[in-house]
Amino acid sequence: MAVHEPQQSQTTPPDISRRSLLFALGVGLNVVAATLVAIPIVGYVFSSFRYKTLQEWIQLGPLANFPEGQTRLATYRNPFTSPWDGSTADIPCWVRRLDGEKFQVFAINCAHLGCPVRWFQESGLFMCPCHGGVYYADGSRASGPPPRGLFEYEYKVQNGHLWVLGGQLPTLSSPEA
Amino acid sequence: MGPGMLRSVALWLDQRLHLTRLFASTAGHSVPASASSWFYVFGSGTLLCFIIQVVTGICLAFVYAPTANDAWTSLLFLNYQQPLGWFLRAMHYWGSNFMVAVMTLHMVQVFLFGAYKYPRELTWISGCILLLCTLGMAFTGQIMRFDEDAYWGLGIGASMMGRIPFIGSRLVQLMLAGPIIAAETLSRFFTLHVFVIPGLIIALVSMHLRLVLTAGINEYPQPGKLVRKETYMAEYEALVQTEGVPFVPRAIGKDLIFSALLMVGILACSAVFGPSGPSGPPDPTQINTAPRPDFYFLSLFALFALLPPYTETFLLLVGPVIAIAFLFLLPFLSSTGEKSPRRRPVAVLSVMLILLVIGLLAYLGTYSPWSPEMDAWSAAPTPVEYVKGRTPLALQGALVLQNKQCRNCHSLGGEGGRRGPALDGVATRLTRDQLIRQVIQGGGNMPAYGKNLAPYEVTALVTFMQTLHQPYEALARDATVPAVPSAQTQR
């Protein structure tokens, strides 16, 4: 190595400009190419945002399934489904029929941290098994840590069937669910 | 092949691969003799646990089907069909428990021995990131056990994300890989658990170990021997020169013994206790479930029940940021000075306090007294002595108390929920009027039952509750109303 050093230092002046040009060109080309590579990757990773609408109208069943003055568990198949979803795409919700075509449809998820609330007919309360959130029959908060009442679905009655607007996991920042 | 031949092959390999030089600069590097201590075995123990996790994890991936439709069934297959599948699942589960436990010991030791101080700030910080990665593995690993707890655990995670202002709903969508928990969610967490976080851990462990070589390993702290930036490096150099020993073979003995014990411990726990779960299938329509996280997150789970609700969102978002920032800044906040725990009472007390709080919260989390006991009203009968000799009205009240699910939150004779106070001696604490008011209007975390109880039911219920006291205990009475007229005349 010691033998080569003097030779190298002799040829440095022309080499530096040529090599540094190649280096700069190489870095520049790689920045451009890497950006091109990154575009599809980032687009792929963030494709969870592809859903334009997060809600769809879903049929919950004929009105006869929901006796007046009662709260019943109903389930539907999540509209944003893939064939290998298995049972995870079966989503439950609580349907409270006040009278006639007046309903309240509650999400199963507690407004506190999303655990499944259970309806207790006798005491007229929804209770959550995780942190003890309790709601009244109309979904309003009764006690415990939930910051609000139960999430409610928009609903409509068409051709004797109850429909709800659903498909998104309700959280505090997506109250449209 | 004679010994001479073997020797020349070994020499040839060493000449080509520079193994001797590699050894001298890594495993054989000099460490202070005082670092060969039983307190210094937890770092290598954590690394051993990680290696066991990688090996058992790869084995599980041979069989596990990472799709929402099949994951749960493939876990059952692993448990019952695949030869030794149950044991590999158990080893992976117990390996993770041991890894978190030994890592905690490692962190506590490093903190108490002042090893994070100058010049080992980055060793500490890379360790803190490894801690976060390990907790990430614990959470995503819990999702791999794709059962009902995993499903609702994802819901809890998403609900926390949803509390972040402005970008919350987008983050939820990113976390779940769609609008709701479904097939893509599991695939996403599988990728995190199997590729992304382990890759990060391997990179960070390399950095962590490299820093152990370049910044050295902390000498056993002596009380009164202070760290000064001007002199420490020279002192450490001199220490390694004068009383340094090669890590292999002179300082590694205790690490080896601890590692062997760890492996035996993991094997023993796996054989005795077996794998964890899976519990019920990940079917959200099966709502008769009480989701609970694995041990590592029980303290957090308990915290969410016990924090005042109005502080929750704030603490949820700001608390972790402050805690992580403090961990990262610690080596700069106290970079010099005393290292020995004997002269750092605040450090020792902080560790005790933090471990006590985490342990206590986790203990509370194991039986979650804040949750209603969902089937107490139908499963826990009224104790016989509480219905003996009662009037018909009081007996009706006992029926109301049972049927209206009061027992889900209130215990009688030790059975029932613990959300509200036990009702065994309620008559000694509340007067009849107070009982009526409490039942009808609720308050103090109790729902109002006014709409769900007819007046005659309230009367019966309160009459029954007034009989709930020991014969020698006086009923609660209104202080403004004289209890016995003669009491006043005596005065």
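Below, read A as the first sequence line, B as the second, and so on, with proteins coming before strands; counting in each chain starts at 1. Bear in mind that the values here come from a model prediction, so they are computed numbers and not experimental data. Just the heavy atoms: all of them, side chains too, but no hydrogens, waters or symmetry mates, feed the values below.
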Ring center gap for A:Trp119 and A:Phe126 short of 6.0 angstrom: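 Judged by ring-centre distance (under 6.0 Å), A:Trp119 and A:Phe126 do meet the cut-off.
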
Tell me whether the centres of the aromatic rings in B:Tyr367 and B:Tyr363 are closer together than 6.0 Å.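 Yes - the distance between ring centres of B:Tyr367 and B:Tyr363 falls below the 6.0 Å cut-off.
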
Main-chain N/O of A:Tyr136 paired to A:Ser140 side chain as donor or acceptor, under 3.5 Å: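 The answer is no, because no donor-acceptor pair under 3.5 Å joins these two groups.
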
Look only at the side chain of A:Asn30 and the backbone of A:Gly26, and say whether a donor-acceptor pair between them is shorter than 3.5 Å.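 Such a contact is found between A:Asn30 side chain and A:Gly26 backbone.
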
Where on [X] is there a heavy atom nearer than 4.5 Å to chain A: the side chain, the backbone, both, or neither?
X: B:Met161; answer: neither
X: B:Asn288; answer: both
X: B:Asp283; answer: both
X: B:Thr289; answer: both
X: B:Leu176; answer: side chain
X: B:Pro281; answer: neither
X: B:Arg170; answer: both
X: B:Trp72; answer: neither
X: B:Gln173; answer: both

Please flag which part of [X] lies under 4.5 Å from any non-hydrogen atom of chain B: side chain, backbone, both or neither.
X: A:Asn78; result: side chain
X: A:Asp85; result: both
X: A:Ala111; result: backbone

Which heavy atom in B:Met160 sits nearest to a heavy atom in B:Phe304, and how many Å separate them?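 Reported closest heavy-atom pair: CE-CE1, 2.9 Å.
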
Search all heavy atoms of A:Leu165 against all heavy atoms of A:Tyr153 and return the closest pair with its distance.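 What the structure gives for the nearest pair is O-CD2, 3.2 Å.
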
Gap between atom [atom2] of [Y] and atom [atom1] of [X] - 0.5 Å precision:
X: B:His193; Y: B:Leu186; atom1: NE2; atom2: CG; answer: 11.0 Å
X: A:Leu125; Y: B:Asn452; atom1: CG; atom2: CG; answer: 6.0 Å
X: B:Thr67; Y: B:Glu184; atom1: OG1; atom2: CD; answer: 13.0 Å

Choice from [options] maximising heavy atom contacts with chain A below 4.5 Å:
options: B:Gly443, B:Pro291, B:Ala290, B:Gly178; result: B:Pro291
options: B:Met374, B:Gln286, B:Arg163; result: B:Met374
options: B:Trp152, B:Trp370, B:Tyr151; result: B:Trp152
options: B:Gly155, B:Pro282, B:Gly168; result: B:Pro282
options: B:Arg419, B:Lys404, B:Gln405; result: B:Gln405
options: B:Ala183, B:Pro179, B:Ala158, B:Ala448; result: B:Pro179

Do B:Thr366 and B:Arg292 have side-chain atoms, one donor and one acceptor, less than 3.5 Å apart?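 There is no such pair between these side chains.
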
Report the relative orientation of the aromatic rings in A:His131 and B:Phe301; use parallel for angles under 30°, tilted for 30 to 60°, perpendicular for over 60°.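 Geometry flag for B:Phe301 against A:His131: tilted rings.
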
Summary of disulfide bond (SG atoms under 2.5 Å apart) pairs that have at least one residue in residues 55-115 of chain A, sequence neighbours excluded: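 Listed once each, the pairs are A:Cys115-A:Cys130.
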
Chain B contacts, top residue of A:Gly114, A:Ser123, A:Gly86 (heavy-atom pairs, under 4.5 Å):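 Heavy-atom pair counts peak at A:Ser123.
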
At a heavy-atom distance under 4.5 Å, which candidate from A:Gly167, A:Ser82, A:Pro129 has the highest pair count against chain B?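 The option with the most such pairs is A:Pro129.
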
